[in-house]
Amino acid sequence: MPEVSKLRKPDVKIVLLGDMNVGKTSLLHRYTERRFKDTVSTVGGAFFLKQWGPYNISIWDTAGREQFHGLGSMYCRGAAAVILTYDVTNWQSLAELEERFLSLTDTANHDCIYAVVGNKADLTDPKAQVHQDSDSVSEEGPRTESQVLSACPTPPASPVSLSGLMLHKQVTHEDAVALYGRLLRYKGLDEKASLPADKMCFETSAKTGYNVDTLFETLFDLVLPSILRKRNENKESPTVDLEDCRGTGKKTRSSCC
Amino acid sequence: MSVKAFELVPAVERDLLMGDKARINIECIECCGKHLYVGTNDCFIHHFLLDEVTSAKGKLSYSAQKLLHKYLGLKKPVAELRAASALERLIVLCDGVVFLVDMVTLETVPSAAGGGAKIRGVIAFCINENPVNGDPFCVEMGVLSSKRRTVQIFMVYEDRVQLVKEVSTPEQPCAVSLDGYFLCLALATQYMILNYNTGAHQDLFPYNSEERRPIVKRIGREEFLLAAPGGLGMFANAEGVSQRAPVNWSESVIGAAVCFPYVVALDESFITIHSMLDQQLKQTLSFRDGHILQDFEGKVILASTKAVYVLVPLPLERQIQDLLVSHRVEEALILTEGAQRNIPKEKFQILHKRILQQAGFIQFGQLQFLEAKEHFRKGQLDVRELISLYPLLLPASSSFTRCHPPLHEFADLNHLAQGDQEKVLRCKKFLISYLGEVRSTEVANGCREDVDTALLKLYAEQDHDSLLDLLATDNSCLLADSVPWLEKYHKYFALGLLYHYNGQDSSALQLWIRVADGDLQDSTRSDLYEYIVDFLSSCSNLDLVWKYADWALRKDPTIGVCIFTKRPATKELPELNPDDVIGYLGKHKQALLLYLEHLVLDRQIQKETFHTHLAVLYVERVLSLLSESPTDDEQLTKARERLQAMLRESNLYRVQYLLGKMENCEHLLLERATLHGKLEENEKALHILVHKLRDFPSAEAFCIWASSRRDSAYRQQLFHLLLGVYLDGSLPGQSQIAAGGGSGELEMAAVDLLNRHGEVFDAVRVLRMLPEGWSLQLLRPFLGRAVRASMHACRTSQIALGLAHSENLQLLHDRLKERKKPVVVSAKKGCHLCHNTFSEPDVVCLPGGVPVHTHCVAQRVRDSPTKRQLTNRSNHT
Ligand SMILES: Nc1nc2c(ncn2[C@@H]2O[C@H](COP(=O)(O)OP(=O)(O)OP(=O)(O)O)[C@@H](O)[C@H]2O)c(=O)[nH]1
Ligand SMILES: [Mg+2]
């Protein structure tokens, strides 16, 4: 019951940013519910609490619509990781990241980690079309070749079928890597001291699940030091942490399930 | 997805407030306990006493009693009213001026000497409900002034106000809320958090306050609710972080408040209620001319321009029940769990458990068994609630009654399934697995009997394999309830097990016997008869053994006898006296024989009566087979072999008695010979064998057998005896004794005997006995062997003699050597053999000059198995 877990207090925050319709909500769904379902354009924002080992990670899904743009900075405040999402079939969505969304991340943590994610890879890339997992919840361990082959292909309702034509890929991996480089420069970070672009630029498909787990789990692992640092700070801090006195309970409270 | 979370209840109706004066509008309200103050656009304050009235049906209503109204004399609308109850003051904003009035008299409080009680140029103010300064006799107030871009912090006392702080803002503020040191401000183009103590500020998000009225609502410690672009209700804490997902209001929200777990908002025509737990819109109430929505000490009060209402939350439990009624299990649980911090712990736990149980039953009704089970487990459901759904499963004696109010809407399983047998079956399968899981856990504490009995009934009804496992292991099945049920489903074998478990072995046996006899039908065990035998063999109640063994023996003596022969020899079981058993088996000959065989052959009991009895039975059997005609040769051979083996191998039976038994039987000559052998009447035995039976191989075998545990001299004697019998019989003149056989036959037997067993005979004696006329050729093998044997003996003894001689010489040599040395004997040195001292000078010297007592050596020579003649070598000194 993910809803109940919302009562728990998160240790760290990850924020999904990006233009409307790039598939932020779909990515989060795919990861948390292991399926691809119909979405409506997000209003305001929503979040999901993920238990990762002993930690609670909150993943915020923001609204890409212009109307809610102003809320972005607030969502990013204190973020340990930001996922900048674009749509590989839409050049403008990548441009928007730089023009509109990059500045929202000013409020994120100083050591915030950035990932540049090109979604809807299934529309341009045959290897992203194979379903990564079945719609059933249980799937563990490495997938065997036969499972991949026997997985059913994209239903014909989609604009693309396996044999059919591919949409034009408007944004290449190199474009994303370049953006990542500019992002580091914008942040005043040394490219050599930062996480390499290869590692932080992903192409995903919320529809097939391609690379989705990899994306989130790479980030979870990368934000762990941030969690530990935050915990230490709280311990050392001489001031009373009012957050901790709230009715929602102590940070250390473990969840019941 | 609607819930009925609130009800709108009128508090002050139009009539009471303004009568028929149409132009009068409500501008602001304040509520403090039962006291309701209303400020109007004609500069009046009205004071009401608001009483809650609960009708007999539990319906809540309000009765308002007007206490006072007062004109403030400014001709302008009363913009805001705030009570400072500790000071008994109302803080009033009217015509841009903040001043104090007495809460009771509504008189304006005059300025005290040395300090004003008025603040001018105010556009809005707020009270700090969580001041850092804890002085109870003053109130902290944040004030927005119309002229400057500042926020001023005042302390309000009974009769004066005092400016304590002033902070500037980047833009003109238009709405303010205060918590601790934190000001939450709506500026012209954005919201921000400002710490008035440090001056630090944090931008929240942009908002055009000119376009839409901002909302800045403190909802808890350091947390605010703000109207955001796109009609959102955004949460922000003092750090400028949003910790809850926003709720989706309309664009024109006028006021909002939190009444946990709901966010209540008012727009021009509706009250909307969102859950903070899942951000969903839960309820919409239409409300015309909505004007004010504010919460006072947890009570949400609304006003239109003409009347006042209270938004009364329905009891949480009711809301949860409503959700459950519409089968919205998840939501009900979220609501319950979300309410955890608002409800005392104990009460919460009770509520939570109950909701979990109800949720479980809803899912159960939808056949979502996995989920149901999880909720039953978490809710610590009394399993009997579940069992009681299945008709007749609970034992009649169970004290259980369903909890009230009921946990579900089902009368019973049939009601639930609406006649769908497939459903019923699935429910039963579920209960089987569920009870199976919980029966050995603490869930079943206090109701094990009910659980096990129910399980037994289900197993029986569903023909489930585990029925027997249940009954064969520890269980609490109630006998009285289970008997008719097991009978109904023809589970007689199982019923027997249950009887047995309850110590009623007699009933168990009676039942099983009826099944084994075919009076009752139960195919559980095809080997039920064997099972009963086995059961009796380890039955501790001997009376039952005696009672039912007869039945078992009559059915099949060879299997039935296992009752006695397979009885385990353990301390727990009372032993059966073999004599009693033998007595009991008297009329079951075959079983008796098997039992005696068991005693004599398997258990090797050395008791004369058993051996004799067994031998007699063997004899009788052989005799009876002999008396049959035609005789069954195969059987007879077998029976005789057994008898013969018995006669040969046992030494305990009474030989004479048995001899008497077969004295007149010419068929059992071989057996009689054996018996004579037992009596060492070898001549008689051989006579029978040679002359009556003419069975020479048997005669030979007899000699070997009869001498098998004797020395070679005895054997020689026997063989000579046999030879004698052969030769005597072959003498002319005596051969007429032999029945039909010629003397040549005996002669041949004698020759064969000699040639075969030559080594046993004393050849010299044999040669003397043999008739003169026998040819050498005939006896050649015998003689050859005899000569060789005698040569061999001669040579062997010569070698022995030679060896002894050389040994003797060697010792003589030793003795001569020893003689040269003295052999010291002293009273202090002990004898090497007995370790006693010497008292006499006479000693024997062992090789090596060791002195020992004479008698010790004598003793040793006597005991020694070898015939070494030590004394020969003795040496007296
Ligand atoms: N083919 C394909 N379609 C996708 C994928 N991800 C999302 N979509 C579709 O893209 C549309 C938008 O998806 P959303 O997840 O709602 O996009 P969003 O980024 O959350 O949009 P906002 O909430 O408005 O910011 C939907 O119609 C999805 O079905 C993908 O990986 N492949
Ligand atoms: Mg979305």
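Each chain gets a letter, A, B and so on, in the order its sequence line appears, and its residues count up from 1.
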Q: So, D61(A) versus Y75(A): side-chain donor-acceptor pair below 3.5 Å or not?
A: no

Q: Check each atom of Q190(B) against the heavy atoms of chain A and say whether the ones under 4.5 Å are side chain, backbone, both or neither.
A: neither

Q: Ignoring hydrogens and angles, state whether a donor on the side chain of K37(A) or S26(A) is under 3.5 Å from an acceptor on the partner side chain.
A: no

Q: Where on L204(B) is there a heavy atom nearer than 4.5 Å to chain A: the side chain, the backbone, both, or neither?
A: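 Both parts, heavy atoms under 4.5 Å.
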
Q: Ring centres of Y180(A) and Y114(A) under 6.0 Å apart?
A: no

Q: For F235(B), is it the side chain, the backbone, both, or neither that has a heavy atom closer than 4.5 Å to a heavy atom of chain A?
A: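 The backbone, not the side chain.
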
Q: For N119(A) and T85(A), test the side chains for any donor-to-acceptor distance below 3.5 angstrom and give the result as yes or no.
A: no

